[in-house]
Number of protein chains: 2
Amino acid sequence: MVARMAESWTQEDLSPIRDKVYAYLKDAILRGEYKAGDRLVERVLAEKLNISRTPIREALFRLETQRFVRTVPRKGVVVNEITQAEILEVFMILASLESLAARLAAQKVNDEIAGDIDRLIAEIDAALDNGGGDEVELNVQYNELIGRAAGNPKLHEMLVDLKDYVRAFSNLSSALPGRTKEALREHKDILGAIRNGEEDLAESFTRIHLEKSRKAYMSRSHV
Amino acid sequence: MVARMAESWTQEDLSPIRDKVYAYLKDAILRGEYKAGDRLVERVLAEKLNISRTPIREALFRLETQRFVRTVPRKGVVVNEITQAEILEVFMILASLESLAARLAAQKVNDEIAGDIDRLIAEIDAALDNGGGDEVELNVQYNELIGRAAGNPKLHEMLVDLKDYVRAFSNLSSALPGRTKEALREHKDILGAIRNGEEDLAESFTRIHLEKSRKAYMSRSHV
DNA sequence: ATAGTAAATTACGTTAACAGTTTAACATTT
DNA sequence: AAATGTTAAACTGTTAACGTAATTTACTAT
């Protein structure tokens, strides 16, 4: 039938252009292609992506409410420059919310989640032995698992946003060489505590983990 | 000088229309003028406010990223209906972040903040004696004070957003008759703990306060 | 009378054009 | 040569119009 083909086509194309632009720009900022202070000129972007200015503007407004860019009235939008102080503020908030998530996950752990945790721990072990693996992917899985286990989608969403925010403005993408392995081990400890339903331990481990991450970031950015 | 006059004039008119529309719509949602499920038709709003659709759209996009409305592609935007579960999720997050703020405030308390706290406590006492006063204003002052004392603007901003969110979708504006006085007393306890630099106490009081607020909300919404 | 279909209406998605402001270059004057 | 005034280019803010998809309405045929 033609209808089905048309449906799959429109389905693909149903997402407004603004969403694609938003994804493109956010990714570019997260990857460091656009750096703090860079101007994002609507017409330039419109020509580059071969669309009109409107979807660009709409994407920029979304980035503005998430503080990735700031718009100066009548002047334009620039990639936000962020102070070290603000990053430390976010680390503090992250510590609070991540430990909450860990505690909730430990409270609500069940057989299904436990199985998922076992699988992820096994993958982490393998990565630690083989000296690497895809740490980024493991990190994503870790966050997804905790988010699901905590049973609080709103919390998960906020955590994702906050981590994106930190990542964008601290160039944490290529983290410290020794730190990734350490982080994996810390994740293992947290997952183990959650698996056993030990709320207090899961929360403490998470707080320690975030504190170490913060120190690693600070020692790096002071160079 | 002409320059100063011109400056104050442009200052006034510098804010784009979209900001005014955003303020108008958000206020309307917070006041309950637009309720969950109501459609917000761009053209209708544009005619009502005597402007074109574009600033309307821009304001709606901002409201969308803050989850006050949701837009269905090709259909339009409606005021978000929120589940009870999600409100409870937000209460949990609020408890975590507010207790963090209270702890930080207690850590960083100084003479200036202590003086402000004393003044606010005196106002609360007066309100409690006179049987009321402007509780809403006292609430705002309480939040501003804690936000300032905690020295974490990002945290303060998130708290404001989350509270707006809860307020919009729980019709908490006209709270329970007995609850406002109780809340004022709890605020007093928290402020006292902060004033004395007692971190643990400030955090505990805040957790208890939020837990009571949650229960009050739940008992109310189950009617 | 009902069901199915076609037309008209509605409303969003996008584009293009216009208006107003800011920035920058340039010329003029001291 | 420096400073100031003027002009032009660039960019955002806003409007209006067009295209398209979805919904509703009305009409026709059974």
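Each chain gets a letter, A, B and so on, in the order its sequence line appears, and its residues count up from 1.
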Does A:Asn143 reach the side chain of A:Val160, with side-chain heavy atoms less than 4.5 Å apart?
->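 SC-SC contact between A:Asn143 and A:Val160 ruled out.
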Check whether any side-chain heavy atom of A:Leu120 sits under 4.5 Å from a side-chain heavy atom of A:Leu191, and report yes or no.
->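 A side-chain contact under 4.5 Å exists here.
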Distance in angstrom units between [X] [atom1] and [N] [atom2], rounded:
| X | N | atom1 | atom2 | value |
| --- | --- | --- | --- | --- |
| B:Ile51 | D:dT15 | CD1 | P | 6 Å |
| A:Glu58 | D:dT14 | CD | P | 14 Å |
| B:Ile56 | C:dG13 | CD1 | P | 14 Å |
| A:Ile17 | D:dG19 | CD1 | C1' | 13 Å |

Distance-only polar pair, side chains of [X] and [Y], donor-acceptor under 3.5 Å:
| X | Y | value |
| --- | --- | --- |
| A:Glu64 | A:Thr71 | yes |
| A:Arg179 | A:Ser213 | yes |
| A:Glu137 | A:Tyr142 | no |

Provide the closest heavy-atom pair for A:Ala202 versus A:Ala102 in the form atom of the first, atom of the second, distance.
->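 That would be O-CB, 3.8 Å.
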What is the minimum heavy-atom distance between A:Ala168 and A:Phe68, and which atoms define it?
->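 Smallest heavy-atom distance, with atoms named: CB-CE2, 3.8 Å.
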Short N/O separations, protein against nucleotides 10-12 of chain C, under 3.5 angstrom:
{"unit_1": "C:dC12", "atom_1": "OP2", "unit_2": "B:Glu42", "atom_2": "N", "d": "3.4"}

Which side-chain N or O atoms in residues 43-50 of chain B pair as donor and acceptor under 3.5 Å with protein atoms at least two apart or in another chain?
{"unit_1": "B:Arg43", "atom_1": "NH2", "unit_2": "B:Glu47", "atom_2": "OE2", "d": "3.0"}
{"unit_1": "B:Lys48", "atom_1": "NZ", "unit_2": "B:Tyr24", "atom_2": "OH", "d": "3.3"}

Using five pairs at either end of the helix from C:dA1-D:dT30 to C:dT30-D:dA1, determine the angle between the two local helix axes and round it to 10 degrees.
->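 Result, rounded to 10 degrees: 10°.
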